[in-house]
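What follows is a set of notes on a single structure, which appears directly below.
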Amino acid sequence: MNIDVILGLQWGDEGKGKIVDYLADKYDIVARFQGGPNAGHTLVFDGKKYVLHTIPSGVFRPHLINLIGNGVVIDPITFEKELKGLDAADVKYLDRLYISQKAHLILPTHRLLDAANEKAKGKSKIGSTLRGIGPTYMDRTGRNGLRVGDINKIDFKERYERLKQKHLSILSSLPQVDFDLEEEETKWFASMESLRKIPQVNSEYYVNRCLKYGKRILAEGAQGSMLDVDFGTYPFVTSSNTVTAGVCVGLGVSPDKIGEVIGITKAYCTRVGSGPFPSELFDETGERLRKEGHEFGATTGRPRRCGWIDLPQLKYTIMLNGVTQLVLTKIDVLNIFKELKVGVKYIIDGKETEEVPYEIPENIKLVYEEHKGWVQSLAEAVSFEDLPLEAKNYVAALEEQLGVPITMVSTGPDRKELLLRKAH
Ligand code: IMP
């Protein structure tokens with residue numbers, strides 16, 4: 001059996017949570033392979049909204065096993081809050097949520113370091129979610145980190161103390177930030193109890209064994225490919241590999257085990273935090289997209305930057321990920337526009353190109369193709385064929401240019417608002 005992958009092809013927030021939730025019925029296991037509580041996966045069903053940060057989006061489907069892989073970083077405090085949210089929603093997870101022993105722990109001082117680093121950067125700050133992601137991955141690479149499996153060791157507290165002291169000495173050369181370390185440490189150690197309740201697994205063996213016995217696994221990406229630490233808009237990126245290759249190291253599966261790669265893109269484009277964004281709109285259209293699309297961060301509440309869909313950018317991430325099918329989300333947000341634009345080429349210093357350059361310059365321009373809008377609600381559509389002609393044309397034009405089939409079109413936040421174009 002192969003492992004299928006679902007991931008975002010832009011700068012995150014493409015609507016992965018909803019699609020994972022829909023696809024979940026076709027799988028036995030949903031596994032997260034990278035990122036941490038910087039992610040915010042929003043799901044809406046039965047009139048209620050749920051936001052997940054660390055826990056895979058399959059948790060709301062009672063038959064599914066949910067695995068947090070070794071490539072994920074975990075903040076026990078956020079994790080406990082998520083578990084409490086599930087308790088409140090009466091979601092039973094205890095016998096179907098597993099965590100890799102090799103996943104790294106986010107300490108309170110990692111969050112403190114994140115904030116102090118950003119402050120030190122001043123105007124060139126990344127716009128981090130300040131969840132301690134970068135410093136935790138740095139400790140992983142620097143071979144200083146604490147892992148979930150370490151919480152069982154008798155000298156765990158001493159290990160914690162050693163790492164904390166290391167952080168404090170780095171912090172002494174960084175600007176001061178408002179942070180009650182003592183209070184956060186108390187919360188951190190108290191939340192350990194919830195973490196201990198979740199079965200720890202040797203996840204690489206677990207995943208490979210499941211594949212061998214025919215279990216269907218979906219690897220759920222967080223953030224988006226343009227935030228990948230190697231291929232994204234560096235340094236304005238997150239600290240993990242968000243592309244398909246990240247599944248291999250974040251779960252311990254070999255590349256030949258990768259099956260379908262489902263790439264998600266919004267019908268337009270957004271970004272939160274700093275960094276280049278070629279199709280960003282600074283005018284009223286951008287404002288309308290933000291308002292209509294409720295484009296405010298699920299984790300931080302920050303307003304998202306908005307722009308038209310950017311095809312060179314999507315072709316780049318389709319290439320990097322080996323995308324086999326596309327899902328187009330939030331197409332209903334475009335209902336209000338008479339004219340739609342699609343970025344088809346970049347112009348850099350007067351030269352046209354379809355490649356994402358090493359560094360995206362500030363003066364980058366996009367050549368746009370115009371499409372007619374449909375200017376009507378899509379709420380009544382129950383099949384793709386029910387969509388207005390202009391919407392069908394828009395989808396067909398994207399599909400043709402991207403060269404990958406668009407198999408699903410999402411017309412609203414609810415579970416039910418999803419049009420299939422071919423059987424899955
Ligand atoms: P960090 O991962 O919190 O360090 O943030 C690094 C960059 O990635 C910032 O620009 C964040 O806004 C962005 N980012 C991190 N997680 C997400 C996400 O889940 N959605 C969208 N942007 C994200």
Side-chain angles (χ1 to χ4, degrees), residues 8-15 224 226 263-272 276-296 303-318 326-348 350 352-354 356 360 362-381 383-406 408-413 417-419 421:
L9 297 176
Q10 298 166 309
W11 279 274
D13 312 312
E14 295 90 353
M226 293 304 284
I264 317 233
T265 170
K266 278 181 191 169
Y268 51 100
C269 194
T270 64
R271 162 160 215 175
V272 63
F277 178 5
S279 67
E280 182 169 13
L281 293 164
F282 298 94
D283 57 5
E284 199 210 332
T285 308
E287 197 51 55
R288 290 177 77 197
L289 277 171
R290 181 159 37 251
K291 213 166 147 214
E292 197 65 16
H294 308 288
E295 294 295 356
F296 297 89
R304 295 184 186 135
R305 301 154 64 191
C306 298
W308 296 116
I309 198 162
D310 173 347
L311 297 189
Q313 178 272 300
L314 281 173
K315 286 178 185 170
Y316 175 63
T317 52
I318 286 171
L326 287 165
V327 178
L328 190 67
T329 59
K330 299 190 91 164
I331 194 171
D332 54 305
V333 173
L334 302 183
N335 291 353
I336 54 169
F337 297 101
K338 277 196 202 130
E339 289 287 343
L340 306 173
K341 289 191 182 183
V342 171
V344 291
K345 271 182 201 150
Y346 295 135
I347 303 177
I348 302 171
E352 281 191 0
T353 176
E354 278 196 62
V356 175
I360 297 176
E362 260 182 44
N363 67 355
I364 194 165
K365 296 228 163 26
L366 268 159
V367 177
Y368 287 104
E369 210 175 70
E370 295 207 347
H371 290 261
K372 222 167 156 239
W374 42 92
V375 207
Q376 59 177 282
S377 163
L378 306 179
E380 299 295 310
S383 82
F384 184 77
E385 292 314 313
D386 298 336
L387 287 179
L389 182 65
E390 294 84 355
K392 282 193 263 194
N393 286 344
Y394 182 72
V395 175
L398 297 183
E399 188 172 55
E400 195 189 317
Q401 302 212 43
L402 295 171
V404 181
I406 296 176
M408 285 181 240
V409 177
S410 170
T411 56
E417 294 168 302
L418 190 65
L419 311 178
R421 293 191 70 213

Shortest non-hydrogen separation from Leu328 to Ala267 and the atoms involved = CD1-CA, 3.7 Å
Taking side chain as C-beta onward, heavy atoms only, is Leu366 less than 4.5 Å from Ile364?
-> no
Here the gap from His371 atom NE2 to Lys341 atom NZ, rounded to the nearest 0.5 Å, amounts to 12.0 Å
N/O donor-acceptor pair under 3.5 Å between Lys338 side chain and Val375 backbone | no
Shortest non-hydrogen contact between Arg304 and Val272, atoms and distance | CG-CB, 4.0 Å
Taking every non-hydrogen atom, the tightest pair across Thr270 and Trp11 = O-CB, 3.6 Å
Chi angles and distances behind the side chain to side chain contact (heavy atoms under 4.5 Å, CB included) call for Lys315, Leu402 | CA-CA 6 Å; Lys315 286 178 185 170; Leu402 295 171; 3.9 Å; yes
Close side-chain approach of Arg290 to Phe296, heavy-atom, < 4.5 Å = yes
Result of checking Glu292, His294, Glu295 against Lys330 for side chain to side chain donor-acceptor pair (under 3.5 Å) = Glu295
Are side-chain heavy atoms of Tyr268 and Leu340 found at a separation under 4.5 Å?
-> no
Report yes if some heavy atom in the side chain of Thr317 is under 4.5 Å from a heavy atom in the side chain of Val356; otherwise report no.
-> no
Got a second to check how far Leu398's CG is from Glu369's CD, nearest 0.5 Å?
-> 9.0 Å
Value rounded to 0.5 Å, distance of CG in Leu289 from CG in Leu334 | 7.0 Å
Do Ile406 and Arg421 come close enough that some side-chain heavy atom pair is under 4.5 Å?
-> yes
Is Val409 close to Leu378 at the side-chain level, that is, under 4.5 Å between some pair of heavy atoms?
-> no
Judged by atom type as modelled, is there a donor-acceptor pair below 3.5 Å linking the side chain of Thr329 to the main-chain atoms of Glu14?
-> yes
Between the CZ atom in Arg305 and the OG atom in Ser279, the distance rounded to the nearest 0.5 Å is 10.0 Å
For the side chain of Glu280 and the backbone of Gly286, is there at least one donor-acceptor N/O pair under 3.5 Å apart?
-> no
Just by modelled atom types, is the Trp308 backbone N or O under 3.5 Å from a matching donor or acceptor in the Tyr368 side chain?
-> no
Contact check, side chains of Asn393 and Lys372, non-hydrogen atoms, under 4.5 Å | no
Polar contact flag, side-chain donor to acceptor under 3.5 angstrom, Gln10-Thr265 | yes
After noting the C-alpha distance and the side-chain angles of Val342 and Tyr394, does the key distance pass the side chain to side chain contact (heavy atoms under 4.5 Å, CB included) rule?
-> CA-CA 9 Å; Val342 171; Tyr394 182 72; 3.5 Å; yes
Under 6.0 Å from the NZ atom of Lys365, do we count more than 12 heavy atoms belonging to anything else shown?
-> no
Reported CD-to-CG distance for the pair Glu354 and Leu311, which is rounded to 0.5 angstrom = 8.5 Å
Taking side chain as C-beta onward, heavy atoms only, is Pro276 less than 4.5 Å from Arg271?
-> yes
Heavy-atom pair with the smallest gap, counting every atom of Lys266 and Ile309 | O-CD1, 3.3 Å
Spatial distance of atom OG (Ser410) from atom CG (Asp332) [nearest 0.5 Å] | 6.5 Å
When you look at Met226 and Phe277, which way does the side chain to side chain contact (heavy atoms under 4.5 Å, CB included) test go after all the steps?
-> CA-CA 10 Å; Met226 293 304 284; Phe277 178 5; over 6 Å; no
Would Asp310 and Tyr316 count as a side chain to side chain contact (heavy atoms under 4.5 Å, CB included) if you check the C-alpha gap in whole Å, the side-chain angles of each, and the deciding distance to 0.1 Å?
-> CA-CA 10 Å; Asp310 173 347; Tyr316 175 63; over 6 Å; no
